[in-house]
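Notes to accompany the following structure.
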Amino acid sequence: MKILEELNDVQRKAVISTDGPNMIIAGAGSGKTRVLTYKIAYLINKGVDPFNIMSLTFTNKAAREMRERIESIIGSSEARNVWMGTFHSIFARILRIEADRIGYPQNFTIYDTDDSKSIIKKILKEQQLDNKLYKPNIVLGRISSAKNNLISHIAYNNNSELMAADKESAKPKIGLLYTLYQERLRKAGAMDFDDLLFNTNVLLRDFPEVLLKYQKRFKYFLVDEYQDTNYSQYLIVKRLAARNENLTVVGDDAQSIYAFRGANIQNILNMKTDYSDLKTFKLEQNYRSTQNIVNLANSIISRNKKQIKKKVWTSNDTGTKVRLISTSSDNDEGNMVARSIFEIKNEEKAEEKEFAILYRTNAQSRAMEEALRRMNIPYRIYGGLSFYSRKEIKDLLAYYRLVINPNDEEALLRIINYPKRGIGKTSIEKLQVVANQNKISLWNLVEQIQSTNILPKATASRIQEFATMIKSYMVDLDKKNAFELADHIAKSSGVFRELSAARDDDEGVMRFENVEELLNGLKEFSEEESDEVDADNSIRTLGEFMQDIALYTDADDKNKENSNSVTLMTIHAAKGLEFPYVFIVGLEENLFPSIMSLNSRADIEEERRLFYVAITRAEKRLFLSYAKSRYKWGDLQFTEPSRFISELEAKFIDDLSGDSIFEQKETRKKTMEASDSKKKVWGSKRSYEVQQQTATQKRDIMQAKNLTKVDTSVSEPEDTGDAAKVKEGMEVFHERFGRGKVVSIDGTGQNRKATVSFNKVGDKHLLLRFAKLKIL
DNA sequence: TCCGATCTATTTTTT
DNA sequence: ATAGATCGGA
């Protein structure tokens, strides 16, 4: 076959090894996507029906691009029939087909993180729990990690170790919150992201006939970015592929960067034990980057202990050295980057789209943006809030959601008084209480509000009006096409009028335009050909449009694709992408590596892999930079260069930072020592929480894998001040809180805590091993 | 019920 | 810096 001529030896072998379990360990830039696309093309050419192929990718964009490439290779549009997409979108599709079996409506709503968070907040309020102790993000994190390890809320509450861990971290109610949260979702006919995978597992586990149906339907499975799959995803693949084991997984352990959301490198490492006849292919030749870049990346990643042995090499040019830049501030860093882009553009005749600026956190985009704007360099930012998470868009979408699934309480609450129709907080709260008491959904109550006397007549009739309006939309769901109905809702609900009237500043204009853009998108969608094979009518409905809106990310925004502009994104978002010129900015300690990741070797190694991913995005030239000061939460902070800078091998580096790398190491040591005591006290409270969290997370994972050994070891700060000697009644001094008096002491050993009444900040509970109190 | 002033927490990364 | 929550007054 001709297509095979375009592959190197290992790539070709990996492509033609179609049957049985295959694992492709693909170093950065080694043509992994090429192998995947060619393999699918090869299968189709060989006569495999595209309908029988499932290909799981990490983003929808990757799926789309792969599909296009396959079509151009095989020269037909057959590739559109391959089931290709993210785990979430593919299994959402299957769940909609099978929903009634697991007690969900076919039109279930997918809740995004905002929806989840708002539910948790409401539950915390109802339960009268302190949302400072039970931080919604932390609670959600616990729930998410349980779900990713397939621990149901019932199992969670019955799991003595998890319960003990929560108790230990002073949050014994997490199990209860998980249950309440889950009940809430169930009542709303909604699933969160993790539920999509969790419920797929339930479906495949409890309904053998369903499992068999999909096992028969899909004869070939391909999974990209396998190193970033979690236990839940792993098990789905294992179950589905169990019948014929025609499974190809592609991944690179060195690029595993999603452990924070449950990704487990073990999934790669365990392939051999799961599939005894596994064929392994190692793609080690890098076609992407210069020797300098490849070698620098290698030298960085070699510092990690945990990894599969491989030697990534390239026959490309040596290239220029990697440039290291230091600047005085984050704004300066922006200017420096913008200026460099401007110069290279002229000197090397490069286009804007050949440049990428990569950073650790989304917040860093700002300084870059401003600098680029000043120099009139076009750019586009990925990440941050996506189009669909803008307030004005979410408001309008809430109407659509409610019309499709009236039990979607989040949607109902969002719009019942938007635009203002005189239904206030008190009334809404009353409704919620009554609905809860009678165990009916909020919508059910709203519908029949006038047959009750819960609210004053005037309010009740306003609510009735709202319900009537929503019902009138429902009637049109399958009659009008998506655009017609959406447009009608936007206009007759008053949303359009509201936004139109608020166009008195730039922001208002933008909001209005965003809504127009949404409607344009809907129009386009409605005019496309329906791909529902069995659709009896040819219209594309609003329901169809809304199906996986929640799964779209910024990267899926088609509008961003074809513009010639500099790309700004987080390193996470840059996974799988490549650019001729790459700037990695903000290489500062506590930023990259993140302050959240300094607690264990595993965390640091993940940050280092992230650095590796960032470096290996570059084809021609790479620039690294750090600033000596940076604004954080509105005030100026002085920073130190990242430890990763001292890990750079000098022979690959063109050091323009002012200080040589080696000098840097010395200074770093000294400043570390100088700021040592200050930093520890300052971060004491926070680090306690972080360590608790990681320790319990570790336990979760162990649990899921039935390991008996529980690793509770966390790194300990050595200096505990006067901790052991502190007693009730003593006057003490705390670096941050000042003077205070010890009210009480409880716990022993590691867990010894003091309640201290501080003169300035009042009562605080301090863990003595971190608090470094001084006895006065 | 609504509106503005004031306080507050936020920032790791994402489907 | 800034969005969101909270509170008091109209």
* Asked: A/Ile571 CD1 to B/dT13 P: how many Å, rounded?
  -> 11 Å
* Within less than 4.0 Å of OP1 or OP2 of B/dT13, is there a side-chain N or O belonging to A/Asn362? -> yes
* Asked: Going by number, which of residues 110-124 of chain A have a non-hydrogen atom under 4.0 Å from DNA chain B?
  -> A/Thr113
* Asked: Without hydrogens or angle criteria, can the side chains of A/Asn60 and A/Ser89 be said to hold a donor-acceptor pair below 3.5 Å?
  -> yes
* To do: Check every nucleotide of DNA chain C for an atom under 4.0 Å from a heavy-atom of chain A, then give the first and the last such nucleotide from 5' to 3'.
  => C/dA1 to C/dT6
* Length of the line joining A/Leu577:CG and B/dT14:C1', which is rounded to integer Å -> 14 Å
* Whether A/Tyr258 stacks on the six-membered ring of B/dT13 base, 5.5 Å and 30° limits -> no
* Once you round it to whole Å, what is the distance between C1' of B/dT15 and CD1 of A/Ile90? -> 13 Å
* Asked: Rounded to the Å, how far apart are A/Lys61 NZ and B/dT15 C1'?
  -> 16 Å
* Applying ring-ring contact (aromatic ring centres under 6.0 Å, His included), name anything that partners A/Tyr612, two or more places apart in sequence or on another chain. => none
* Structure fact -> ring-ring contact (aromatic ring centres under 6.0 Å, His included) filter on A/Tyr111, not counting sequence neighbours, yields none
* Asked: Tell me: CD1 of A/Ile428 to P of B/dT1, nearest whole Å?
  -> 8 Å
* If you find the nucleotide of DNA chain C closest to A/Lys125 and the one closest to A/Arg366, which residue's nucleotide is nearer the 5' end? -> A/Arg366
* To do: Could you check how far CG of A/Asn60 sits from C1' of B/dT15, rounded to whole Å?
  => 9 Å
* Asked: Does A/Ser89 make a side-chain N or O approach to OP1 or OP2 of B/dT15 shorter than 4.0 Å?
  -> no
Could you list, one pair per line, each protein nitrogen or oxygen that sits under 3.5 Å from a nitrogen or oxygen of nucleotides 2-10 of chain B, together with the distance?
none

* With sequence neighbours excluded, residues passing side chain to side chain contact (heavy atoms under 4.5 Å, CB included) with A/Ala92 -> A/Ile110, A/Leu196, A/Leu551
* Using atom OH of A/Tyr631 as one end and atom C1' of B/dT11 as the other, report the distance to the nearest whole Å. => 18 Å
* Asked: Between atom CD in A/Gln227 and atom P in B/dT15, what is the gap in whole Å?
  -> 15 Å
* **Residues in side chain to side chain contact (heavy atoms under 4.5 Å, CB included) contact with A/Glu429, at least two apart in sequence or another chain** => A/Lys425, A/Gln432
* SB check A/Lys575 A/Asp228 (cutoff 4.0 Å) -> yes
* **Check ion pair A/Glu607-A/Arg643 (N to O, under 4.0 angstrom)** => no
* **Residues that A/Asp635 engages under side chain to side chain contact (heavy atoms under 4.5 Å, CB included), provided they are two or more places apart** => A/Gln637
* Hey, which sits more toward the 5' end of DNA chain B by its nearest nucleotide, A/Ala573 or A/Ala363? => A/Ala363
* Asked: Are OP1 or OP2 of B/dT13 and a side-chain N or O of A/Ser594 less than 4.0 angstrom apart?
  -> no
* **With A/Tyr379 via ring-ring contact (aromatic ring centres under 6.0 Å, His included) - residues at least two apart** => none
* **Sugar-phosphate, base or nothing in reach of A/Lys391, heavy atoms under 4.0 Å** => nothing
* With sequence neighbours left out, what residues match A/Asp332 under side chain to side chain contact (heavy atoms under 4.5 Å, CB included)? -> A/Thr327, A/Ser328, A/Ser329, A/Asn335
Show every donor-acceptor pair shorter than 3.5 Å between a side-chain atom in residues 409-420 of chain A and any protein atom, with sequence neighbours excluded, or say none if there are none.
residue	atom	partner	partner atom	Å
A/Glu410	OE1	A/Ser118	OG	2.3
A/Glu410	OE1	A/Lys122	NZ	3.3
A/Glu410	OE2	A/Lys122	NZ	2.8
A/Arg414	NE	A/Asp395	OD1	2.8
A/Arg414	NH2	A/Asp395	OD1	3.2
A/Asn417	OD1	A/Arg421	N	2.8
A/Asn417	OD1	A/Gly422	N	3.3
A/Asn417	OD1	A/Ile423	N	3.2
A/Asn417	ND2	A/Ile423	O	3.0

* Could you list the residues that satisfy ring-ring contact (aromatic ring centres under 6.0 Å, His included) with A/Phe545, not counting sequence neighbours? => A/Phe525
